[in-house]
Trainee: 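Can you read through this structure? Questions will come right after.
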Amino acid sequence: MKLQKTHIYALKLHSSLLDGYGWNYSTTIEELRKDPCAVVSLNDSQVLRWLAKINGTENSDQVAKEIKAEIKKLKKEPPLKENKKLIKEKYKQLYQTRFTINYIMVIFDKKSHYDKARKEFTITIDGVKTKFRRLIGTSNSIKKSTIIFANVEVYDKLMWHMDNGRDVNKPSVPAKLEAYLSLSCSGSVPLKVFPRIIVVDDCITHTVVPELIHLDYTDMSVDEPVMEMRYNQEIEINGSDGFGLMTPEFSRQVNQELGGDPNECVTFNSRCAFVKGMLVPFDFIDFAEKKANGNYLIKDAWGDMRDIRDCDVILTVSMLKLWDSYKSCDDYIENCREHNFDFCIAKTAPHKLDSQQTSNYQFLQGYTNLTDEDIDELIKPTVQHIKDVLGLDWRKLLLYMCGKGLDEKTFKYAEPIARAIMICPELVNDKYVRSRIEKMIAKSIKDAKIGVLQFHGNFQIITGDPYCLAESIFGLPKKGLLKTGEAYSRYWIDKGVDLVTAFRAPMTSHNNVGQLKIVHNEEIDYWYQYITSTIVLNNFSDICIRECGCDYDGDTFMTTDNKILVEKYRHLPAIDCASVKPGKMIPTEDDFVKSEKRGFNDKIGSITNVGTAQINLQASYTPDTEEYKTLEYRVICCMLLQQAQIDAVKGAWSRPTPVHWINNKVN
């Protein structure tokens with residue numbers, strides 16, 4: 001996606017620093033410029049656009065671009081003392097133009113510091129004192145014990161914008177409500193025109209799974225999760241969880257606005273007031289004519305009849321998080337306009353996908369059925385690649401150093417040695433150059449030993465079946481175009497591949513690995529003709545449960561047709577995890593803070609490490625032993641512990657890893 005604005009600079013300080021100054025920190029712009037740890041660059045977001053409007057600095061981006069152009073011009077001039085001084089002044093001017101003191105981040109080294117920060121603290125820069133108040137914590141920042149604070153003078157105005165006229169008396173889960181509010185802080189590019197929107201119910205389907213492992217750790221009387229094998233279990237599937245539809249015309253319009261080909265469609269992750277999710281190009285007007293007997297009227301989420309010909313975008317209720325806090329779709333849109341919400345793009349699916357990918361140990365550790373010959377075959381591309389680089393083939397060396405995306409624009413960012421070799425390939429024989437190359441390849445060799453292997457494949461954004469969603473929207477029987485175990489991927493179809501193995505981190509067990517049959521026919525190709533770089537999954541299998549509880553709001557699968565990873569795949573039962581949903585309330589700021597503290601220092605990584613350690617221990621035993629089976633049970637349970645930790649950040653109830661699994665002192 002093309003970045004349309006220059007970065008904003010904002011403070012990001014540790015609470016220990018502020019506490020050391022008695023929560024009255026004083027500094028200067030010059031000191032901050034010298035400290036790269038104190039200031040971060042932020043992509044443009046809805047909150048930052050509001051701040052620019054509040055402060056009357058909407059044109060600061062244009063001013064910054066002009067300053068950058070002047071700096072670029074000065075750098076081409078002779079390196080005279082006067083020019084160097086002028087460049088320094090221009091950088092200072094650029095910094096001041098795009099620096100904001102109204103929006104800062106605080107990393108809390110201690111939870112007790114958070115209580116002090118909430119009382120009030122000030123930061124003085126060049127003699128100007130600013131008071132701060134807690135604004136919000138985003139889902140990702142809370143995991144890193146980081147909270148966003150705002151200048152008290154703009155706080156009320158920002159909250160007015162963020163609330164967007166919602167029904168504030170409607171009960172909700174504090175953590176979820178905060179996550180929805182914080183979507184305004186996501187990096188995004190606003191569209192020039194607000195699209196015509198319809199909001200519809202989600203596409204709910206049901207299917208029967210032959211085998212399913214059910215894990216339950218909600219009973220406080222047990223000290224380990226209870227595992228139960230369930231057969232012919234019916235499960236409910238939200239086939240549109242986090243994605244919606246847009247007309248091909250609107251998709252092409254967006255692509256052109258982003259600087260792309262006006263004849264190509266784009267799939268993108270959308271943002272608006274409480275909106276998060278992927279929009280997929282699908283001709284639902286054509287669907288109405290060919291499949292719904294020319295019926296253009298559909299019922300929206302509020303029960304109102306809407307004409308889909310007057311629509312650019314169809315959102316699902318799983319995308320518009322607080323849809324029921326508004327009286328109607330018109331009420332929602334009117335509030336968006338009144339509170340200056342843009343319809344934005346957070347990220348786009350790439351037009352061109354990679355063809356080469358690297359694995360990690362999580363993907364491989366479940367393949368316990370590999371022979372020595374299988375392993376040799378699996379590592380062959382990586383070993384050959386290392387040999388090619390060490391053999392000093394300068395073309396393959398440049399590919400290793402610069403990657404596949406090297407062009408005239410990215411040339412200037414290449415390693416100096418790489419650029420030198422481009423000019424003079426004979427430099428590969430230079431003693432110094434050889435030593436640098438050996439150091440670089442040493443890391444690749446070390447990584448390969450822990451499972452970072454090369455193979456044919458890539459990461460693709462996933463989506464549910466848009467045809468099935470269209471059937472749901474028009475009240476037709478939900479059959480879809482893809483059946484159990486099937487998927488559609490233009491990339492793999494063009495490669496002539498009909499079976500791929502799919503991975504999604506974080507994972508520990510081979511139960512989390514999936515396999516997809518890539519299908520297409522004349523009808524599928526017609527309806528999915530605009531979907532070129534995402535994987536369409538079917539709405540009638542356990543694939544989302546299997547892949548660690550994924551949804552369609554931007555999650556990705558790593559898929560590969562690697563012979564070993566496909567042929568040695570073992571179809572194991574998916575893992576279903578019981579959870580306790582948090583209670584709803586009308587939250588106060590204290591409720592938000594309590595929820596945030598629970599999410600500080602997330603332990604997902606450490607739980608994954610526990611699962612890996614159990615797998616390592618399994619290698620000491622044979623599969624028929626009690627020890628091996630006990631460790632296998634614990635590895636499977638790590639998925640429950642991971643999901644519980646993820647849900648804990650969202651306010652759900654969770655329990656830690658059983659202490660006797662990881663601490664011998666208690667045994």
Side-chain angles (χ1 to χ4, degrees), residues 3-45 47-52 54-109 113 117 121-133 135 138 140-141 144-154 185 187 412-413 416:
L3 178 65
Q4 300 193 345
K5 287 193 176 183
T6 55
H7 288 107
I8 292 285
Y9 300 109
L11 291 176
K12 189 172 185 178
L13 304 172
H14 279 268
S15 62
S16 296
L17 172 70
L18 297 172
D19 191 58
Y21 279 85
W23 298 92
N24 291 289
Y25 180 54
S26 183
T27 186
T28 65
I29 284 286
E30 281 299 313
E31 289 176 354
L32 291 173
R33 285 187 63 198
K34 296 174 185 177
D35 185 359
C37 297
V39 178
V40 293
S41 58
L42 303 173
N43 288 330
D44 193 32
S45 67
V47 166
L48 294 177
R49 290 190 288 274
W50 288 330
L51 283 173
I54 292 169
N55 297 321
T57 57
E58 296 102 314
N59 68 334
S60 66
D61 178 62
Q62 183 58 39
V63 173
K65 287 178 178 177
E66 292 171 0
I67 295 171
K68 290 179 77 173
E70 292 173 8
I71 292 172
K72 187 177 181 180
K73 185 178 179 181
L74 284 168
K75 284 184 174 181
K76 294 180 180 179
E77 299 291 329
L80 301 176
K81 186 176 181 180
E82 293 79 7
N83 282 346
K84 290 181 179 179
K85 184 178 180 181
L86 192 54
I87 289 172
K88 185 178 179 181
E89 287 297 319
K90 289 293 181 183
Y91 269 118
K92 182 178 179 180
Q93 188 181 349
L94 175 64
Y95 202 86
Q96 291 173 329
T97 301
R98 296 298 280 170
F99 180 80
T100 179
I101 191 57
N102 293 310
Y103 181 97
I104 73 168
M105 286 142 283
V106 179
I107 306 166
F108 287 99
D109 304 308
H113 286 172
F121 68 92
T122 65
I123 294 176
T124 303
I125 299 178
D126 291 332
V128 179
K129 181 183 286 189
T130 306
K131 294 181 180 179
F132 290 93
R133 177 177 175 181
L135 179 66
T138 68
N140 287 329
S141 71
K144 300 172 184 176
S145 306
T146 303
I147 300 296
I148 298 168
F149 286 75
N151 183 342
V152 294
E153 294 182 3
V154 300
C185 302
K412 62 182 178 180
Y413 301 111

Trainee: Heavy atoms only: give me the nearest Ala10-Met105 pair and the separation to one decimal.
Mentor: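 In this case the closest contact between Ala10 and Met105 is CB-CE, 4.0 Å.
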Trainee: Spell out, as yes or no, whether a donor-acceptor pair under 3.5 Å connects the side chain of Asn83 to the backbone of Leu74.
Mentor: no
Trainee: Distance from Asn140 atom CG to Cys185 atom SG, nearest 0.5 Å?
Mentor: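 Rounded to the nearest 0.5 Å, the CG-SG separation comes out at 11.5 Å.
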Trainee: After noting the C-alpha distance and the side-chain angles of His113 and Ser15, does the key distance pass the side chain to side chain donor-acceptor pair (under 3.5 Å) rule?
Mentor: CA-CA 6 Å; His113 286 172; Ser15 62; 2.7 Å; yes
Trainee: State which residues pass ring pair (Phe, Tyr, Trp, His ring centres under 6.0 Å) with Phe132; sequence neighbours excluded, sorted by chain then number.
Mentor: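 Ring pair (Phe, Tyr, Trp, His ring centres under 6.0 Å) list for Phe132, sorted by chain: Phe121.
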Trainee: List the residues meeting side chain to side chain contact (heavy atoms under 4.5 Å, CB included) with Asp35, not counting sequence neighbours, and say none if there are none.
Mentor: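 Residues passing side chain to side chain contact (heavy atoms under 4.5 Å, CB included) with Asp35: Cys37, Ala38.
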Trainee: Atom CD1 in Ile71, atom NZ in Lys88: separation rounded to 0.5 Å?
Mentor: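 Atom-to-atom, Ile71:CD1 and Lys88:NZ are 13.5 Å apart.
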Trainee: So, do Ile125 and Thr28 sit near enough that their side-chain heavy atoms are less than 4.5 Å apart?
Mentor: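 SC-SC contact between Ile125 and Thr28 ruled out.
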Trainee: Using atom types as modelled, flag every donor-acceptor pair under 3.5 Å from a side chain in residues 145-153 to any protein atom, sequence neighbours excluded.
Mentor:
from   : atom 1 : to     : atom 2 : distance (Å)
Ser145 : OG     : Asn601 : N      : 3.3
Ser145 : OG     : Asn601 : OD1    : 3.0
Thr146 : OG1    : Lys144 : O      : 3.1
Asn151 : OD1    : Glu153 : N      : 3.0
Asn151 : ND2    : Asn102 : OD1    : 2.8

Trainee: Does anything in residues 74-83 pair up under salt bridge (charged side-chain N to carboxylate O under 4.0 Å, His left out), and if so which pairs, sequence neighbours excluded?
Mentor: none
Trainee: Tell me every residue that passes ring pair (Phe, Tyr, Trp, His ring centres under 6.0 Å) with Tyr91, counting only those two or more places apart in sequence or in another chain.
Mentor: none
Trainee: Taking all atoms of both residues into account, what is the closest heavy-atom pair of Gly187 and Asn43, and its distance?
Mentor: CA-CB, 4.2 Å
Trainee: Just do the side chain to side chain contact (heavy atoms under 4.5 Å, CB included) check on Lys72 and Lys68 with the steps written out, would you?
Mentor: CA-CA 6 Å; Lys72 187 177 181 180; Lys68 290 179 77 173; over 6 Å; no
Trainee: Under a 4.5 Å cut-off applied to non-hydrogen side-chain atoms, are Ile123 and Leu13 in contact?
Mentor: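 Yes, side chains in contact.
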Trainee: Looking at residues at least two apart in the chain, or sitting in another chain, which of them share a salt bridge (Lys or Arg N to Asp or Glu O under 4.0 Å) with Glu30?
Mentor: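 Residues passing salt bridge (Lys or Arg N to Asp or Glu O under 4.0 Å) with Glu30: Arg33, Lys92.
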Trainee: With sequence neighbours excluded, tell me which residues meet salt bridge (Lys or Arg N to Asp or Glu O under 4.0 Å) with Glu89.
Mentor: none
Trainee: As an exercise, state the distance from CD of Glu66 to CG of Leu94, rounded to the nearest 0.5 Å.
Mentor: 12.0 Å
Trainee: Can you sort out the partners of Tyr95 under ring pair (Phe, Tyr, Trp, His ring centres under 6.0 Å), two or more places apart, ordered by chain and number?
Mentor: Tyr9, Phe99
Trainee: After noting the C-alpha distance and the side-chain angles of Thr100 and Thr57, does the key distance pass the side chain to side chain contact (heavy atoms under 4.5 Å, CB included) rule?
Mentor: CA-CA 10 Å; Thr100 179; Thr57 57; over 6 Å; no
Trainee: Rounded to the nearest 0.5 Å, what's the gap from OG on Ser16 to CZ on Phe108? Could you check?
Mentor: 10.5 Å
Trainee: Under the side chain to side chain contact (heavy atoms under 4.5 Å, CB included) test, which residues partner Gln93, sequence neighbours left out?
Mentor: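 For Gln93, the residues satisfying side chain to side chain contact (heavy atoms under 4.5 Å, CB included) (neighbours in sequence not counted) are Ile67, Lys90, Thr97.
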Trainee: Using the salt bridge (charged side-chain N to carboxylate O under 4.0 Å, His left out) rule, collect all pairs that involve residues 10-28, keeping only residues at least two apart or in two chains.
Mentor: Asp19-Lys116
Trainee: Can you find a pair of side-chain heavy atoms, one from Ile8 and one from Tyr103, that are under 4.5 Å apart?
Mentor: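 A side-chain contact under 4.5 Å is absent here.
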Trainee: How would you list, by chain and number, every residue that makes a side chain to side chain contact (heavy atoms under 4.5 Å, CB included) with Thr124, sequence neighbours excluded?
Mentor: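 Only Ser26, Lys129 meet the side chain to side chain contact (heavy atoms under 4.5 Å, CB included) criterion with Thr124.
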Trainee: Calculate, to the nearest 0.5 Å, the distance between atoms CG and CD1 belonging to Leu32 and Ile101 respectively.
Mentor: 8.0 Å
Trainee: Using the salt bridge (Lys or Arg N to Asp or Glu O under 4.0 Å) criterion, which residues pair with Arg133? Sequence neighbours excluded.
Mentor: Glu589
Trainee: Find the distance between CD1 (Ile104) and CG (Leu135) and round it off to the nearest 0.5 Å.
Mentor: 11.0 Å
